[in-house]
Every structure is written in structure tokens, then in C-alpha cells.
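Just below is one structure, and these are the notes that go with it.
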Amino acid sequence: MITLFLLMKVDTIIVGFGIAGLNYAEQLRKRKKSFIVIAPVSESASHLAAGIINPTVLKRINPVWRSEAFLNYALDFYIDLEGLVKTNIFHPLPIYRIFNNVVEQNNWSVAASSIPLKKYLNKKLILSQKYNGIKAPFHYGEVTKSARVDNQSLITHYRDSVIPIQSITEKIDHQAIEIKDDFIQYKNIKAHKIVFCEGYHSVKNPFFKYLPLVGSKGEILIIQCDSLVEEVIFKGPIFLSPMGNHRFWVGATFERTDKTTQITSKGKEWLLLKLKQFLKLPYQILEHKAQIRATVIDRRPLLGRHPKHHNVYLLNGVGTRGVLMSPLLSQWLFDFIENKVNLPEEADIKRFEKQYFRN
Ligand SMILES: Cc1cc2nc3c(=O)[nH]c(=O)nc-3n(C[C@H](O)[C@H](O)[C@H](O)COP(=O)(O)OP(=O)(O)OC[C@H]3O[C@@H](n4cnc5c(N)ncnc54)[C@H](O)[C@@H]3O)c2cc1C
């Protein structure tokens with residue numbers, strides 16, 4: 001019997017297809033670089049995420065690190081992606097932060113007049129009477145430049161209609177990757193370079209397991225609430241975000257010790273308790289899920305080149321802001337790899353190089 005071994009040549013192998021892998025694929029597609037994706041179709045953190053784009057940290061009322069650059073790039077990027085996949089995945093939606101007392105109202109008002117935040121926050125208080133069914137005795141503060149991306153639909157449609165059909169829907173076997181000086185070979189695929197976008201699973205990647213990826217588990221509920229408005233993302237002690245057809249995303253827990261994707265009754269009870277504090281309408285629980293966020297010890301992304309192999313790269317550590325940050329991070333990485341543009345120091349994995357050589 002003759003076994004056919006057809007060698008496939010591409011510029012880049014992308015490993016992982018959550019929001020980070022998708023964004024990197026899009027950088028390559030736009031620049032007409034050939035690529036192949038290796039990733040199982042199973043759910044990842046990106047599928048579970050609310051997909052909220054929020055340039056602010058609502059607890060402390062601060063802007064996110066480099067908020068303006070990330071936000072402007074992401075908004076254009078997702079609008080273009082929506083056109084590409086021909087599906088409604090981008091939903092501009094305000095966030096209504098529920099105030100607990102007058103001090104919070106005052107802090108908001110000061111922040112909304114400050115230079116870094118006035119472009120994102122509405123100075124005018126939004127009165128609680130606007131919506132029935134939400135408990136907000138001290139009214140709301142509005143984040144105006146926020147949105148929700150339907151990650152699940154985006155990933156599914158992009159996979160089905162954009163990525164090359166030869167792409168592999170299994171986990172990569174890291175041991176089977178051959179790294180040569182001028183090419184990478186994985187089974188019958190030969191490439192100039194490989195970019196790993198495996199989210200928290202990267203802790204098992206032999207090339208990058210030296211990096212301080214902490215990981216934090218998040219549990220969420222999806223509920224059906226027929227009488228709640230769908231034009232606003234509410235932020236009380238947790239988020240309550242519309243998903244369409246009267247379904248809402250409720251979350252999330254933040255747990256650093258348990259690194260499994262098992263749902264827990266403790267997580268569910270906590271979410272229900274927090275929800276009860278502000279939702280007064282009847283609802284039905286449809287789903288309960290959990291995933292791990294790829295969070296990093298210093299809360300900055302992990303981008304760059306492997307300390308030893310010049311053709312092995314990483315796009316990871318997007319933490320709690322993957323949807324907001326991945327578009328621009330993927331462009332930074334592309335420019336670093338293809339155009340020799342330096343990465344911002346705070347995001348470059350060079351900052352952890354000592355750990356690699358110590359191991
Ligand atoms: C509960 C929760 C709520 C969140 N809400 C938000 C939000 O509202 N807004 C926001 O911006 N972010 C949010 N996040 C964070 C966001 O989900 C992450 O930042 C982002 O999804 C991470 O994307 P990623 O592509 O790096 O990783 P992932 O989404 O985890 O994707 C990793 C990919 O790698 C693949 N993979 C893993 N191992 C292998 C292997 N060996 N071979 C091949 N493929 C492999 C996986 O199958 C998957 O395709 C939330 C996260 C959680 C858990």
C-alpha cells in the first residue's frame with residue numbers, strides 16, 4: 001500500500017483559536033500571508049467570555065492600560081470583522097454602573113471630568129427610574145464607548161468561512177514539533193514560523209511554561225429574563241449583559257486556586273446572591289459554565305519571541321481584557337515579527353528571560 005505524504009508549506013502555523021489566535025489570523029489574512037490553524041473546536045475562555053469591550057476599570061474608576069490605543073484599534077477591527085464574516089457580532093452598548101452610595105456618585109462625577117476619563121464616562125447621572133426591575137437607589141454612571149462582541153459567533157463564523165480548510169481541529173502534540181534554524185515542521189506542515197495562542201493551556205507548552213501565567217477561573221450563568229431591557233450592560237457587584245433573545249450573561253467569579261473548568265455549587269450560589277442584590281425580575285437559569293482566564297503575574301500581556309528559537313512566538317496573557325486588547329496586540333506582534341518593530345517593553349516576554357535561563 002502506498003501512503004501519500006503531501007507536504008503543505010505555509011508562512012505561519014497558529015496554535016490555538018480563541019480570540020487571540022483569531023486576531024493573529026486576521027493580521028496574516030489582511031497582509032496576504034499564508035497560514036494554518038491547529039486548535040480543537042472545543043470551548044475556550046473566549047467562547048465563555050461576555051465579550052465586553054470596556055476601556056475603564058469600574059471598581060477604581062481608572063482607564064485601562066493604554067486604553068485609547070486599544071479601544072480605537074479594537075472598534076475598527078471588529079467592525080471590519082463583522083463585514084468579513086457577514087454576521088452581526090459587534091454590538092455597541094453602554095455600561096450602567098450601579099452606585100451603592102453618594103460617595104461613589106461623587107467619585108464618578110470627579111472621574112468623568114478628568115482628562116483620561118471624560119471621553120468614556122457620561123458626567124450626567126442616569127436616574128434609576130429609567131428602568132424597571134433593577135435595584136439602583138443611588139442611580140447609575142454611564143460608560144459610553146463600550147460594546148459587546150459575540151465571540152462565540154465570531155469564532156465559529158471565522159473558522160467556517162475564513163481559515164484555510166486544511167486547518168487541523170486537534171490539539172498540537174508539542175513533542176512532534178521539529179524546530180530547525182530556517183523552518184518549523186509539524187507532521188506534514190512546513191512553516192517559516194509558529195505562533196502559540198493557547199491561552200491558559202500554555203502552562204503545558206514546553207517552550208513557554210517558564211512564563212508566570214497565573215490563571216484565574218471564572219464561573220458564569222446564562223439566564224433568560226423576558227421582562228428585562230436589552231439595550232444596556234448593567235454592572236452591579238457583577239455584570240448582567242444582554243446576549244439577544246432575552247438571554248443574559250451573568251458573571252463572573254474570580255478564583256485563583258482552582259484551575260479546573262468544573263462548575264461548582266459554591267460559584268453558582270455566589271453568582272445568584274450577587275444577582276439578587278440588583279435584579280428584581282423573574283428569570284430562569286439556562287446554563288452554568290466555567291473557564292480559566294490567562295492572567296499574568298504583572299497583569300501585562302505576554303508577547304514575543306522564544307529566548308532560544310528565533311522562529312517560535314507567543315501571543316498570550318490577555319487576562320480579563322482579551323477582546324479589547326487582542327486586536328492591537330496582534331498587530332504589535334505582526335510588526336515585531338515581520339517588520340522588526342520593537343514591542344512595548346511592558347508586553348514583551350523578554351522581561352521574563354531570566355526565568356528561562358534559570359530553569
Ligand atoms: C468568565 C470569563 C469572563 C470573561 N469576560 C471577558 C469580557 O467580558 N471581555 C474580555 O475582553 N475578556 C473577558 N474574559 C477574558 C477572555 O476570555 C480572555 O482574555 C480571552 O478569551 C483569552 O483568549 P485566548 O485566545 O488567549 O485564549 P482562549 O480563549 O483560552 O483560547 C485558547 C485556544 O487554544 C487552544 N489550545 C489550547 N491548547 C492547545 C494545544 N495544545 N493545541 C492546539 N490548541 C490548543 C484552545 O482550544 C483554544 O482554541 C473573560 C474570561 C472569563 C473566563
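Atoms within a ligand are numbered from 1 in the order they appear, just like the ligands themselves.
- The atoms of ligand 1 that sit less than 4.0 Å from any heavy atom of Gly18 are 25 (O), 29 (O), 31 (O), 33 (C), 49 (O).
- When heavy-atom distances to ligand 1 are checked against a 4.0 Å cut-off, Cys197 comes that close only through its backbone atoms N, CA, C and O.
- Contacts of His201 with ligand 1, taken as heavy-atom pairs under 4.0 Å, involve the side chain alone.
- With a heavy-atom cut-off of 4.0 Å, Trp249 touches ligand 1 through its side chain alone.
- Between Glu346 and Arg66, at least one side-chain nitrogen of the basic residue sits less than 4.0 Å from a carboxylate oxygen of the acidic one, meeting the salt-bridge criterion.
- Of all the heavy atoms of Ile38, the ones lying under 4.0 Å from any atom of ligand 1 belong exclusively to the backbone.
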Item to check | Candidate pair Lys145 and Glu68, rule salt bridge (Lys or Arg N to Asp or Glu O under 4.0 Å), full reasoning | outcome: CA-CA 11 Å; Lys145 280 202 177 165; Glu68 194 164 2; over 6 Å; no
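- Every residue two or more places apart in sequence or in another chain was checked for a side chain to side chain donor-acceptor pair (under 3.5 Å) with Ser326, and none qualifies.
- Panel note: side chain Thr253, backbone Gly218; no donor-acceptor pair is recorded below 3.5 Å.
- The shortest heavy-atom distance from Ala294 to ligand 1 is not under 4.0 Å.
- Proximity to Phe17 (heavy-atom distance under 4.0 Å) selects the following atoms of ligand 1: 33 (C), 34 (O), 48 (C), 49 (O).
- Within the 4.0 Å heavy-atom criterion, both parts of Ala50, backbone and side chain, lie near ligand 1.
- Residues Ile189 and Leu28 are members of separate hydrophobic clusters, defined by side-chain heavy-atom contacts under 4.5 angstrom among Ile, Leu, Val, Met, Phe, Trp and Tyr.
- Those atoms of ligand 1 with a heavy atom of Ser44 less than 4.0 angstrom away are 28 (P), 29 (O), 30 (O), 31 (O), 48 (C).
- The main-chain N or O of Ile184 is never found under 3.5 Å from a side-chain atom of Glu178 such that the two would form a donor-acceptor pair.
- Under a 4.0 Å heavy-atom criterion, His174 is in contact with ligand 1.
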